[in-house]
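Chain letters run A, B, ... following the sequence lines, proteins first and then strands; every chain starts at 1. The model shown is predicted, which means the values in this text are computed figures rather than measured ones.
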Amino acid sequence: MGITGLLTVLKEAQEPVHISSFKGQTLGIDGYVWLHKGAFGCSQEIALGQDTRRYVNYILKKIEMLRHFQIVPFVVFDGGSLTSKEETEMEREAKKNIQEGLRLFNMGLKKEAQTYFQRGINITPKFAKDVIEELKKKNIQYVVAPYEADAQLAYLEREGTIQGIITEDSDLIVYGCKKIIFKLDDAGNGMLFDRERLGQVRSFSLRGWTDETFRKMCILSGCDYLSSVHGVGLKRSHKYLQRSRDIKQIAENQWIAFHPQIDSENDEIRRVICSG
DNA sequence: CGCTAGTACTCAT
DNA sequence: GTACTAGCG
């Protein structure tokens, strides 16, 4: 999913951090992020159908770095890839990129082909399976989330199983997670988002806001599983919710006022937002 | 100023 | 998934 501009707007709620400040604690890892980055480095082998372990080694190297700083890793993988319209579209796009890459590759244009191979990366359950095999050997905790890894990570943090999350996906903020490490590099440096610091955000005031209102702001600004309202981003979404916490009222007053043409598509959007 | 849409990037040599 | 930015209302 991902909320456009959320990390930028919440910059005052983040600060540089070294992973060692979580020494002795358990950190949840968004497995998809590392799978994708790992696969990025061996996209050619994958596209050509060659056996490669490089994406497995990439993740193991990251895990070793964490353990070096005495972090207990808990890897969470996506389970049910919810077959939505967007995902099928993404897979179609990926296949087209692989095809174009193979065409260039067979012409001897290996460098040009790589760009398309990288764009064509599609993380399948096999990738996770290969990694899980190694995690088992090393006695590293992992779980395959029944739905989305996001929701599973949020649950694990809420229940106290993990004390923070490593990811690149701003959706973890929407899901209510408290401590999230973004942009973690090989040396253990990253940016820590701390939910307790939301009151320090300067773009707009979030004081007195509940997690639920915050979530509504994000959804109203546009998200993955529904076509967003044109012209409404985070700032305007915040303005509407500041005026009225009732999203249904916003839909009736603001939205219709700004978007008088209520066609079938907008009607679907309104249904989803009002139910959320 | 806020939002959209386009481009470039993730690895690792 | 992210960041950055030209163009537009």
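- The distance from atom CG of Leu234(A) to atom P of dC3(B) is 7 Å, rounded to the nearest whole Å.
- When the nucleotides dT10(B), dT4(B), dT2(C) are ranked by their closest atom to the side chain of Leu7(A), dT2(C) comes out on top.
- One interatomic measurement links the two molecules: CD of Gln114(A) to C1' of dA8(B), which rounds to 15 Å at whole-angstrom precision.
- Note: CD (Glu93(A)) to C1' (dG6(B)) measures 14 Å, nearest angstrom.
- At the heavy-atom level, Tyr58(A) lies under 4.0 Å from the strands shown only through sugar-phosphate atoms.
- Checking Gln99(A) against Tyr116(A) by side-chain atom types alone, no donor-acceptor pair falls below 3.5 Å.
- Summarising the geometry, the separation between CZ on Arg202(A) and P on dC1(B) is reported as 15 Å, rounded to the nearest angstrom.
- Taking atom CG of Asp169(A) as the reference point, atom P of dA3(C) lies 11 Å away to the nearest angstrom.
- For Phe204(A), the CZ atom is densely surrounded, since the number of other residues' heavy atoms within 6.0 Å is greater than 12.
- The residue Thr167(A) sits apart from the nucleic acid: no heavy atom pair falls under 4.0 Å.
- Spacing between atom CD of Gln44(A) and atom C1' of dC11(B) amounts to 13 Å, rounded to whole angstrom units.
- Side-chain contact check for Phe105(A) versus Gln44(A): some heavy-atom pair is nearer than 4.5 Å.
- Taking every side-chain heavy atom of Gln118(A) into account, dC11(B) is the closest of dG2(B), dA5(B), dC11(B).
- Using a 4.0 Å cut-off between charged nitrogen and carboxylate oxygen, Glu157(A) and Lys179(A) do not count as a salt-bridge pair.
- Regarding contacts with the backbone of dA3(C), a side-chain N or O of Lys183(A) is found under 4.0 angstrom from either OP1 or OP2.
- Residues Lys126(A) and Asp130(A) are paired through a salt bridge, judged by an N-O separation under 4.0 Å between the basic side chain and the carboxylate.
- Summarising the geometry, the separation between NZ on Lys111(A) and C1' on dC11(B) is reported as 13 Å, rounded to the nearest angstrom.
- Atom CD1 of Ile3(A) and atom C1' of dC3(B) are 15 Å apart (whole Å).
- When the nucleotides dA12(B), dT10(B), dC3(B) are ranked by their closest atom to the side chain of His36(A), dT10(B) comes out on top.
- Here dA12(B) is the nucleotide among dA12(B), dT2(C), dT10(B) with the atom lying nearest to any side-chain atom of Arg54(A).
- Not one side-chain nitrogen or oxygen of Thr4(A) sits closer than 4.0 Å to the OP1 or OP2 atom of dC3(B).
- In this model, the phosphate group of dG2(B) is approached by a side-chain N or O of Lys235(A) to a distance below 4.0 Å at OP1 or OP2.
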